[in-house]
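Take a look at the structure set out below.
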Amino acid sequence: MSNPRVKAATLAAEPCCPALTERELTADEAEIAAVMFKALGDPVRLRLFSKVASHPEEEACVCDIADVGVSQPTVSHHLKKLREAGLLLAERRGTWVYYRVEPSVLAVMGRLLSPVHVPAA
């Protein structure tokens, strides 16, 4: 099997997974989804992701989101994990790093978790 982190980082290029209620996930699809959910399974990471996703400018400077109750090195560690999972994109501007949600991530997660409409028989 290929590296799920690499696959998760390419979510923008191709959607990874069908809705959970549509059909069983393949082993590769399950690995990709697990990388995303594992990254969001930590409360600090989930808060950081939420801060970036809900930021009015659709991107956030690390200086604006770092107040999550842990040290700056720990914030950097968690942001790195979110980037490695393909959930966030980062851009350095001078001394600050700006984060934004990978454009397809919310759509992929929403599709994965939404029920498939099955017409009544």
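Only a predicted model underlies this, so the values are computations on that prediction, with no experimental measurement involved. The first residue in the sequence is number 1, and the count goes up from there.
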Could you please spell out the steps behind the side chain to side chain contact (heavy atoms under 4.5 Å, CB included) verdict for R45 and K81? CA-CA 8 Å; R45 284 187 213 137; K81 293 293 185 185; 3.6 Å; yes

If you apply the rule side chain to side chain contact (heavy atoms under 4.5 Å, CB included), what do you find for L87 with M36, and how did you get there? CA-CA 7 Å; L87 301 176; M36 289 190 306; 3.8 Å; yes

What do the steps show when you test V52 against L48 for side chain to side chain contact (heavy atoms under 4.5 Å, CB included), and what is the final call? CA-CA 6 Å; V52 173; L48 288 168; 5.7 Å; no

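L46 is connected to L106 through a chain of hydrophobic side-chain contacts under 4.5 Å among Ile, Leu, Val, Met, Phe, Trp and Tyr, so both are in one cluster. Y98 and L89 fall into different hydrophobic clusters, where Ile, Leu, Val, Met, Phe, Trp and Tyr are joined by side-chain heavy atoms under 4.5 Å apart, directly or via other members. Under a hydrophobic clustering in which Ile, Leu, Val, Met, Phe, Trp and Tyr are joined whenever their side-chain heavy atoms come within less than 4.5 Å, directly or via other members, V44 and V75 fall into the same cluster.
Between the side chain of S54 and the main chain of S50, a donor-acceptor pair closer than 3.5 Å is present.
Taking a cutoff of 4.0 Å between a charged side-chain nitrogen and a carboxylate oxygen, R83 and E102 do not qualify as a salt bridge. Between E29 and R23, at least one side-chain N (NZ, or NE/NH1/NH2) sits under 4.0 Å from a carboxylate O, which counts as a salt bridge.
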All N/O donor-acceptor pairs, side-chain side in residues 61-71, below 3.5 Å, sequence neighbours left out:
{"from": "S71", "atom 1": "OG", "to": "T74", "atom 2": "N", "distance (Å)": "3.4"}
{"from": "S71", "atom 1": "OG", "to": "T74", "atom 2": "OG1", "distance (Å)": "3.0"}

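Within a 6.0 Å sphere centred on CD of E91, other residues, nucleotides and ligands contribute more than 12 heavy atoms.
Contact check for L82 versus L40: side-chain heavy atoms found under the 4.5 Å cut-off.
The line from OG1 of T26 to CD of E31 is 9.0 Å long, rounded to the nearest 0.5 Å.
Of all heavy-atom pairs spanning H55 and E59, the tightest one is ND1-O, 2.9 Å. Nearest heavy-atom pair across A90 and V97 is CB-CG1, 3.8 Å.
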